[in-house]
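Below, all heavy atoms of this structure are taken into account, side chains as well, without hydrogens, waters or symmetry copies.
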Amino acid sequence: MVKRALAGDETQPWWMPRRVLTVSADVDDTAGVGAIWILWRPKSSREREHIALLEWFGEQWRYVGGSSGSGDDPVDVDVLDVSNGGGVLSLTRSLDPPRSITAAPWISCVKVRLGRDVSHVRIGVRRIEVPEQRSLIAVWTSPQISRGVRPVIVALGRDGAELSRIGPHDSLDTHTWARLREGS
């Protein structure tokens with residue numbers, strides 16, 4: 001799936017059963033990290049999800065961690081919603097001399113849901129086209145000391161104009177804050 005994401009192909013292979021759905025895959029090739037968000041219905045109507053974090057090391061992708069749990073209910077998003085972040089210490093980079101476990105980077109990800117008017121999202125300096133299902137996973141690295149800090153995430157319209165943004169420590173995006181201020 002990572003190779004498909006790198007090539008810009010559809011992440012869902014034709015041979016994969018439809019009860020297993022790859023929602024999104026993201027690769028930051030400059031940092032050498034990737035994330036895959038998978039949903040499946042294991043012979044029931046309940047949805048389960050798995051997020052896998054990967055790292056490029058030794059000329060191959062290596063699984064370095066992830067999480068599993070019950071899937072989220074579909075969310076109707078006006079412009080931008082960021083949720084369920086996670087992260088893991090780079091295992092492969094901590095083995096790479098002269099690095100040690102204290103100098104190894106932190107690999108982080110979040111699930112991003114976007115409204116109908118959003119055509120692209122900017123994660124830090126990377127610009128990502130919004131997939132048809134309006135949900136994606138975003139991955140990045142940071143020093144271990146600042147592992148709870150995500151990059152600025154910006155939702156862009158079809159004309160390239162900024163529709164909303166959420167900062168590294170914000171809980172709500174600027175569009176939602178503006179709507180809350182109007183209502184009070």
(request) Side-chain contact test, heavy atoms from C-beta onward, threshold under 4.5 Å: evaluate it for Arg150 versus Ser108 and give yes or no. (result) no
(request) State, to 0.1 Å, how close Gly65 and Val88 come at their nearest heavy-atom pair, and which atoms those are. (result) CA-CG2, 4.4 Å
(request) Taking side-chain contact (heavy atoms from CB on, under 4.5 Å) as the test, write out the residues that go with Thr174, two or more places apart. (result) Ser164, Arg165
(request) For the residue pair Tyr63 and His50, categorise the inter-ring angle as parallel (less than 30°), tilted (30 to 60°) or perpendicular (more than 60°). (result) parallel
(message) Is it the case that the side chains of Trp37 and Glu49 hold a donor-acceptor pair, with the cut-off being a distance below 3.5 Å and no angle test?
(response) yes
(message) Does any part of the side chain of Leu163, heavy atoms only, come nearer than 4.5 Å to the side chain of His175, both counted from C-beta?
(response) no
(message) Under the rule for side-chain hydrogen bond (donor to acceptor under 3.5 Å, both in side chains), what residues qualify as partners of Arg126, not counting sequence neighbours?
(response) Asp26
(message) Ignoring hydrogens, what is the shortest heavy-atom contact between Val154 and Glu162? Give both atom names and the distance.
(response) CG1-CG, 3.4 Å
(request) Could you grab the distance from atom CZ of Arg127 to atom CZ of Arg122, nearest 0.5 Å is fine? (result) 8.0 Å
(request) Spell out, as yes or no, whether a donor-acceptor pair under 3.5 Å connects the side chain of Asp159 to the backbone of Ala161. (result) yes
(request) Can you see which heavy atom on Ile137 is nearest to which on Cys109, and at what distance? (result) CD1-SG, 4.0 Å
(request) Would you mind reporting whether Leu80 and Ile153 have side-chain heavy atoms less than 4.5 Å apart? (result) yes
(request) Quick one: closest heavy-atom pair of Leu53 and Ile107, and the distance? (result) CD1-O, 4.1 Å
(message) What I'd like to find out is whether the side chain of Leu89 reaches to under 4.5 Å of the side chain of Trp106, using heavy atoms alone.
(response) yes
(message) Quick check: is Val110 connected to Ile128 through a chain of hydrophobic side chains (ILVMFWY, heavy atoms under 4.5 Å apart)?
(response) yes
(message) Rounded at 0.5 Å granularity, tell me how far CG in Asp81 sits from CG in Asp173.
(response) 8.0 Å
(request) Measure the shortest side-chain to side-chain distance between Val77 and Leu114 over non-hydrogen atoms and say whether it is less than 4.5 angstrom. (result) no
(request) Taking the side chain as every heavy atom from C-beta outward, state whether Arg134 and Arg116 have any atom pair closer than 4.5 Å. (result) yes
(message) With a 4.5 Å cut-off on side-chain heavy-atom distances among I, L, V, M, F, W and Y, is there a chain of contacts connecting Val121 to Val33?
(response) no
(request) Kindly indicate whether the side chain of Ser135, heavy atoms from C-beta on, has any atom under 4.5 Å from the side chain of Lys111. (result) no
(message) Do Val118 and Ile166 land in one hydrophobic cluster if side-chain heavy atoms of ILVMFWY residues count as linked below 4.5 Å?
(response) yes
(request) Mind checking the CD1-OG spacing from Ile51 to Ser68? Nearest 0.5 Å is all I need. (result) 9.0 Å
(request) Taking the side chain as every heavy atom from C-beta outward, state whether Leu54 and Ile36 have any pair of such atoms under 4.5 Å apart. (result) yes
(request) Report the distance from atom OG1 of Thr176 to atom CG of Asp170, rounding to the nearest 0.5 Å. (result) 11.0 Å
(message) Could you work out, with salt bridge (Lys or Arg N to Asp or Glu O under 4.0 Å) as the rule, every residue matching Asp78, not counting sequence neighbours?
(response) Arg179
(message) On a heavy-atom basis, which atom in Val82 and which in Val112 lie closest, and how many Å separate them?
(response) CG2-CG2, 4.4 Å
(request) Measure the CD1-OG distance between Ile38 and Ser24 for me, rounded to the nearest 0.5 Å. (result) 11.0 Å
(message) Just verifying a value: how many Å separate Asp28 CG and Trp140 CH2, rounded to the nearest 0.5 Å?
(response) 10.5 Å
(request) Looking only at non-hydrogen atoms, find the nearest pair between Val152 and Gly167 and report the distance. (result) CG2-CA, 4.5 Å
